[in-house]
Amino acid sequence: RVVLPCSVEEYQVGQLFSVAEASKNETGGGEGIEVLKNEPYEKDGEKGQYTHKIYHLKSKVPGFVKLLAPEGSLVFHEKAWNAYPYCKTIVTNEYMKDNFFIKIETWHKPDLGTQENVHKLDSSTWQDVTVVPIDIADRSQVSTADYKPDEDPAKFKSVKTGRGPLGPTWKKELVNKTDCPRMCAYKLVTVKFKWWGLQTKVENFIHEQEKRIFTNFHRQLFCWIDKWVELTMDDIRQMEAETQRELDEV
């Protein structure tokens, strides 16, 4: 559960802006992220944007892993259905096929993360869910290697919105601050890694990594608010098209 001092409407733009920025930073030398599809979809009364990306991780791993890694094992497919305020993302791997997936389902709600079982899971599934609160202003949730002073919500003050810096009790203060919007991204992460002897270890590792990604990403998103808060969805689609052109040229 990621609570943020912005509205659900603002976040739609902020999230897409930050994803596009991160994609640019990740890609280089023909490796990184390949966008196969980015188009509107409509299915079973649900409307939104569908994206299919391929992540090539060869340059991101040590040399010995490259030598040992079987063909296709460092290529991941990410398919996302963004029917905001609900989104679903599924990550698969060419080598492991049905033995591996990461599924992330997100509901964006205008509250402070107080709703239980937003995804309406049945009681036996809900019992297996671990609720993980993420505080974007809590320095202790960020590793030293990931920490960037200019992406620290505890230090950042937005010029355009006046929001921030976020102190240790910012969530409690937000309860009574009627002039500041609030929202929560409720992310349900389901992981399957079927490999004898490694399953639990790897699944736990992936959950830890997802928490790290969500924490760092939302710290960035808040600290970049002055770059995106005045943009429209049309601006975002234009920016995505430009990013895709740049990635294609690489």
Side-chain angles (χ1 to χ4, degrees), residues 1-27 33 35 38 48-49 51 80 82-87 89 106-115 133-142 146-187 211-247:
R1 291 180 194 182
V2 192
V3 176
L4 295 158
C6 64
S7 69
V8 171
E9 292 73 27
E10 287 173 337
Y11 181 84
Q12 183 175 18
V13 169
Q15 182 198 30
L16 294 171
F17 171 87
S18 304
V19 167
E21 280 292 290
S23 307
K24 272 196 255 185
N25 299 340
E26 274 300 305
T27 304
I33 304 168
V35 183
N38 185 359
Q49 193 79 2
T51 54
N82 187 345
Y84 199 81
Y86 175 76
C87 305
T89 302
T106 311
W107 269 111
H108 304 89
K109 302 279 186 182
D111 62 50
L112 289 166
T114 49
Q115 291 191 58
I134 289 176
D135 183 345
I136 61 164
D138 183 357
R139 174 77 177 80
S140 71
Q141 293 194 18
V142 183
D146 287 335
Y147 180 76
K148 293 175 185 168
D150 57 338
E151 291 172 7
D152 185 348
K155 294 182 175 178
F156 169 78
K157 181 164 180 70
S158 163
V159 176
K160 291 181 181 174
T161 67
R163 296 172 211 169
L166 305 181
T169 58
W170 73 274
K171 286 191 203 175
K172 285 185 182 139
E173 289 163 23
L174 201 52
V175 174
N176 304 315
K177 260 192 184 172
T178 48
D179 59 334
C180 183
R182 73 282 317 271
M183 64 152 285
C184 179
Y186 291 87
K187 294 185 169 290
K211 184 189 177 207
R212 175 182 160 244
I213 290 164
F214 297 152
T215 303
N216 293 334
F217 175 80
H218 288 94
R219 284 167 67 86
Q220 279 179 331
L221 179 142
F222 177 68
C223 293
W224 289 347
I225 193 168
D226 288 344
K227 295 180 185 177
W228 58 256
V229 75
E230 289 169 345
L231 299 178
T232 64
M233 283 302 289
D234 287 341
D235 296 329
I236 293 293
R237 295 291 171 233
Q238 204 174 332
M239 190 179 153
E240 286 175 341
E242 278 166 26
T243 303
Q244 186 156 353
R245 266 201 304 279
E246 284 168 28
L247 297 185

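By convention here, the first residue in the shown sequence is residue 1.
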Do [X] and [Y] come within less than 4.5 Å of each other through their side chains, counting heavy atoms only?
| X | Y | value |
| --- | --- | --- |
| K211 | I134 | yes |
| H108 | C87 | yes |
| L166 | P5 | yes |

Anything under 30° is parallel, anything over 60° is perpendicular, the rest tilted; go ahead and classify W224 against F17.
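Ring orientation, 0 to 90° scale: perpendicular.
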
Does the pair W228 and L221 meet the rule for a side-chain contact (heavy atoms from CB on, under 4.5 Å), with working shown?
CA-CA 9 Å; W228 58 256; L221 179 142; 3.9 Å; yes

Under 4.0 Å between a Lys/Arg side-chain N and an Asp/Glu carboxylate O for R182 and D111?
no

Taking atom types as modelled and ignoring hydrogens, do the side chains of Q49 and N38 form a donor-acceptor contact shorter than 3.5 angstrom?
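Judged by distance alone, the side chains do pair up.
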
Would you please say whether a donor-acceptor pair under 3.5 Å links the side chains of D138 and S140?
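A pair is found: one side chain offers a donor N or O, the other an acceptor, under 3.5 Å apart.
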
Check step by step if side-chain contact (heavy atoms from CB on, under 4.5 Å) holds for T232 and V13.
CA-CA 7 Å; T232 64; V13 169; over 6 Å; no

Among residues two or more places apart or on two chains, list those pairs meeting ring-ring contact (aromatic ring centres under 6.0 Å, His included) that have a residue in residues 150-169.
F156-F222

Please collect all salt bridge (charged side-chain N to carboxylate O under 4.0 Å, His left out) contacts where either partner lies in residues 213-231, sequence neighbours excluded, each pair once.
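For residues 213-231: D152-R219, K160-E230.
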
Contacts of [X] that satisfy salt bridge (charged side-chain N to carboxylate O under 4.0 Å, His left out) - sequence neighbours left out:
| X | result |
| --- | --- |
| D235 | none |
| R237 | E240 |
| R163 | E10 |

Looking at K148, I'd like to know if its NZ atom is crowded, meaning that more than 12 non-hydrogen atoms belonging to other residues, nucleotides or ligands lie closer than 6.0 Å.
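No, not enclosed.
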
Taking all heavy atoms of [X] and all of [Y], pick out the closest pair and write down the distance.
| X | Y | value |
| --- | --- | --- |
| M239 | A20 | CE-CB, 3.7 Å |
| A154 | A137 | CB-O, 4.0 Å |
| G113 | R1 | O-NH1, 3.1 Å |

Taking it one step at a time, do T51 and N82 satisfy side-chain contact (heavy atoms from CB on, under 4.5 Å)?
CA-CA 8 Å; T51 54; N82 187 345; over 6 Å; no

Distance-only donor-acceptor pairs under 3.5 Å for side chains of residues 167-176, two or more places apart:
residue	atom	partner	partner atom	Å
T169	OG1	E173	OE2	2.7
W170	NE1	D135	OD1	2.8

May I have the step-by-step check of side-chain contact (heavy atoms from CB on, under 4.5 Å) for T106 and Y186, ending in yes or no?
CA-CA 5 Å; T106 311; Y186 291 87; 5.7 Å; no

